[in-house]
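The block underneath contains the structure these notes are about, expressed in structure tokens.
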Amino acid sequence: MECGVGKKSESAGKCDHRHKASFAVSWRLRPIFILFVLFFVCFSCVWPFLLPRTAQAAGKKQDGVKTGRGKSSVSYTVKNGMLILKGKGAVSPKIKVADKKKIKKIIVKKGVTSLPPWAFWGFKNVKEVEIAASVRRIGEGALPDSKSLKKVTMPGSFRYREDEGDYLSYSILPNEKVRIEMIYFNTPLSLDTCSYIKSGQLNVWKKDPKYRSIKGVVYSKDGKDLVRVPAFRKSLTVEEGCEVFCAQAVQYAKEYGVVDIDTEVELVCKGLKKIVLPRSVRAVDPSKYEAECYDTSKVKTIVVRAEHSLGGEGLARILHQFPAVEAKRFLGQLPDVVTGNGLFWDRRDGYLIYYSGRGDEVVVPDGISAIGVFAFAESGVKRVVVPDSVTEIGEGAFSQCRVLKEVRLPETLGKMGKSVFNGCSALTSVHFPKGLAEVPTSAFLYCESLQEVVLPDTVTEIGAYAFFSTKVPSSILSCRSIKKIKSYAFGSVEWSELTLPETVEIVEPFALAAGPGLRRVRICGSSTQISQNAFSSCLNDKINVLIEYRTGVEEWQTMLDASRAGSGKRSVVQLGWYGISGVDGWQIQVSRDKAFQKKLRTFEAKKQKTGMWVNNKNGAVRCARIRPYQMKEGARVYGKWSTVCL
């Protein structure tokens with residue numbers, strides 16, 4: 001028995017030994033095993049990033065829900081004919097749904113921030129879309145291409161994202177066949193939004209601080225201004241209580257175009273044919289709530305009640321803003337409008353509204369108080385006699401009258417609108433009455449035959465483009481009451497020299513950019529508010545222009561211009577400036593920054609110099625400045641710096 005036990009014990013001992021040998025072998029393999037485990041873990045973390053981006057965005061399915069990866073965690077699911085997108089961040093460029101035709105409603109939930117171009121292309125039976133207020137960016141053509149789309153709820157303001165393709169629709173609608181009945185905004189409205197989307201009704205957010213909706217039309221918060229009309233309206237009845245008919249409400253447009261072709265515009269309310277104005281409307285405003293892009297409305301019929309509050313100016317504005325309206329028919333509906341010799345005026349305020357005659361000479365009847373806005377515009381009249389009863393001439397009253405040669409302005413005239421004689425290329429002379437304080441903006445723009453203008457001592461300001469491209473002599477500046485000359489007031493006039501009297505205080509940039517024939521400029525007063533760019537915008541003009549100052553050296557200033565030439569080590573900057581009478585020299589500095597601290601270099605130029613070349617190796621010259629100096633008692637007295645940055 002003892003021996004039997006001993007054998008059994010020996011056998012057991014052998015088994016124990018074999019197990020020990022087996023474990024010894026596994027310990028020898030442990031480094032390989034550890035390396036394998038590490039490789040598996042690393043590969044599991046890295047492999048999603050090795051897939052194409054579309055595969056990353058698609059993620060994995062979990063019970064029918066796709067979860068995104070990376071920065072965006074937007075997921076989507078389909079349930080009972082609804083496509084629901086939720087999560088945070090941007091939606092993937094491709095949404096994969098097995099049967100898009102079954103989707104009737106799309107919901108983009110709070111947290112989603114961006115919809116890509118053509119996001120819901122192919123969802124052709126969608127009737128309703130809800131986009132959360134958190135969406136701040138919407139791509140071109142992002143809405144479904146569904147003819148059944150009835151209702152869209154969306155942010156009132158968003159950043160529009162164009163597609164990278166050749167075709168640009170400038171709309172979040174995929175095509176013209178999509179006609180949304182109602183749009184509801186869930187954030188404050190930006191008027192630019194109305195240009196990106198079309199519908200039958202625009203319903204602003206109830207908490208919108210600026211606007212409100214009445215029957216799907218956008219008005220100001222107090223209801224007094226008409227702001228935006230939805231695209232698919234064929235007729236519009238403005239609500240009673242509205243006081244200002246803002247033309248931009250129906251003239252706003254959206255840009256569209258194709259690469260390499262000039263950008264055009266498309267009127268949003270292009271189907272609108274009829275407008276009915278209530279008695280409460282008192283004025284027509286052409287520019288309020290101005291759209292970034294707008295066009296002329298095609299409205300043909302505008303109905304105004306007989307007891308209207310518009311007055312003559314409002315009626316004249318309508319005819320100008322809506323050229324498709326037949327003037328005689330429109331004015332014929334109003335009993336207070338009088339007609340005679342082709343003239344139409346309002347008997348209540350004496351406002352001359354419109355001229356439809358074809359005679360060479362027009363004598364405005366005595367009793368007329370104002371010549372209306374664009375009243376004679378583009379007519380063939382050659383001579384107009386204005387009575388002393390007229391105190392005002394409206395904007396563009398005689399614009400584009402290309403054969404008009406003479407207009408008698410009464411001494412009673414106290415107000416004149418802009419562009420009054422714009423484009424009157426046959427007009428040769430004008431005498432301003434004493435009551436006017438300003439030559440208005442673009443008053444004689446492109447009056448190419450105008451040679452004589454008599455200004456009274458009451459005129460203190462010359463408006464922008466007032467005498468652009470005319471033949472008026474420089475002696476017009478001798479009117480010593482002029483204090484301010486605005487930009488391009490005398491642009492492209494043929495002057496060889498000019499003198500600014502000491503009364504002139506402000507001269508805006510390019511106000512006296514008379515062209516290449518200008519040789520001498522005399523400045524009699526202070527140059528403190530005379531722009532260094534007042535006399536020219538062309539580098540080549542400076543070489544022959546000499547400025548003569550009647551003031552001390554401290555007020556002297558030239559005009560500086562700079563341009564790059566070449567590249568790399570051979571890159572240079574060309575500087576050019578006006579000469580100044582009496583100057584002894586110039587100090588010039590160039591630098592990499594506006595503060596003239598980095599890579600600062602200083603040069604000297606002799607008095608006869610009006611240009612130089614500066615080495616621009618490695619783009620070291622970003623800004624340049626120059627100032628004149630004169631020697632007095634052996635010391636330099638410097639003028640003002642003129643600075644330009646490339």
Side-chain angles (χ1 to χ4, degrees), residues 284 286 296-302 304 310-410 413 416-431 440 442-451 470:
V284 178
T296 303
S297 174
K298 305 300 188 293
V299 172
K300 293 183 177 180
T301 303
I302 296 182
V304 178
L310 279 166
E313 182 177 357
L315 298 175
R317 287 283 182 193
I318 286 175
L319 291 178
H320 177 64
Q321 296 298 134
F322 299 91
V325 173
E326 205 281 310
K328 292 182 180 180
R329 183 179 178 184
F330 170 69
L331 297 173
Q333 67 181 321
L334 304 169
D336 288 317
V337 174
V338 182
T339 182
N341 298 323
L343 298 170
F344 294 81
W345 67 93
D346 192 317
R347 76 170 83 225
R348 295 174 301 177
D349 56 12
Y351 194 95
L352 181 62
I353 301 169
Y354 180 68
Y355 172 68
S356 63
R358 297 184 178 180
D360 291 344
E361 179 174 315
V362 175
V363 178
V364 177
D366 193 26
I368 298 295
S369 62
I371 306 297
V373 293
F374 301 95
F376 289 89
E378 299 183 18
S379 69
V381 65
K382 294 182 179 180
R383 182 173 182 267
V384 179
V385 178
V386 182
D388 291 338
S389 58
V390 171
T391 59
E392 177 184 348
I393 298 181
E395 175 188 354
F398 300 97
S399 64
Q400 305 303 319
C401 291
R402 301 189 183 280
V403 295
L404 180 65
K405 294 183 177 181
E406 182 183 350
V407 176
R408 177 190 173 276
L409 300 179
L413 188 63
M416 182 183 289
K418 63 183 180 180
S419 303
V420 170
F421 297 101
N422 178 4
C424 295
S425 53
L427 189 65
T428 57
S429 65
V430 173
H431 288 235
S442 303
F444 300 97
L445 178 68
Y446 294 122
C447 291
E448 298 164 356
S449 300
L450 186 63
Q451 298 182 26
T470 65

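Computed from a prediction, not measured in an experiment: that's the story for all the values here.
Residues Ser449 and Ser425 share a closest heavy-atom pair of OG-O, 2.7 Å. Of all the heavy atoms in Ser399 and Ser419, the pair that sits closest is CB-O, 3.7 Å. Considering all non-hydrogen atoms of both residues, Ile371 and Tyr351 come closest at O-OH, 4.5 Å. Heavy atoms only, all atoms of each residue included: Thr296 and Gln321 are closest at CG2-O, 4.2 Å. Residue Val373 comes nearest to Ala316 through the heavy atom pair CG2-CB, 3.6 Å, listed as atom of the first residue, atom of the second, then distance. Taking every heavy atom of both residues into account, Val325 and Thr301 meet most closely at CG2-N, 4.4 Å.
Side chain of Asn341 to main chain of Leu343: no donor-acceptor pair is present (N/O by atom type, distance under 3.5 Å, no hydrogens or angles). Between the side chain of Asn422 and the backbone N or O of Ser442 there is no donor-acceptor pair closer than 3.5 Å. Side chain of Thr470 to main chain of Leu450: no donor-acceptor pair is present (N/O by atom type, distance under 3.5 Å, no hydrogens or angles). Side chain of Ser379 to main chain of Gly357: no donor-acceptor pair is present (N/O by atom type, distance under 3.5 Å, no hydrogens or angles). Looking only at distances, a side-chain donor or acceptor of Ser389 sits under 3.5 Å from a matching main-chain atom of Gly367.
A salt bridge between Lys405 and Glu361 is absent, with no side-chain N of the basic residue lying under 4.0 Å from a carboxylate O of the acidic one.
Arg347 is listed as a side-chain neighbour of Asp336, based on a closest heavy-atom distance under 4.5 Å.
For Glu378, the CD atom is loosely surrounded, since the number of other residues' heavy atoms within 6.0 Å does not exceed 12. By the 6.0 Å contact criterion, NZ on Lys298 is enclosed, its count of non-hydrogen atoms from other residues, nucleotides or ligands being greater than 12.
Shown here are the side-chain hydrogen bond (donor to acceptor under 3.5 Å, both in side chains) partners of Arg402, two or more places apart in sequence or in another chain: Gln400. Applying the salt bridge (charged side-chain N to carboxylate O under 4.0 Å, His left out) rule to Asp388 yields the partners Arg408; only residues at least two apart in sequence or on another chain are considered.
Using cut-offs of 30° and 60° for the angle between ring planes, the Tyr354 and Phe344 rings count as tilted.
With values rounded to the nearest 0.5 angstrom, Tyr355 atom OH is found 9.5 Å from Cys401 atom SG.
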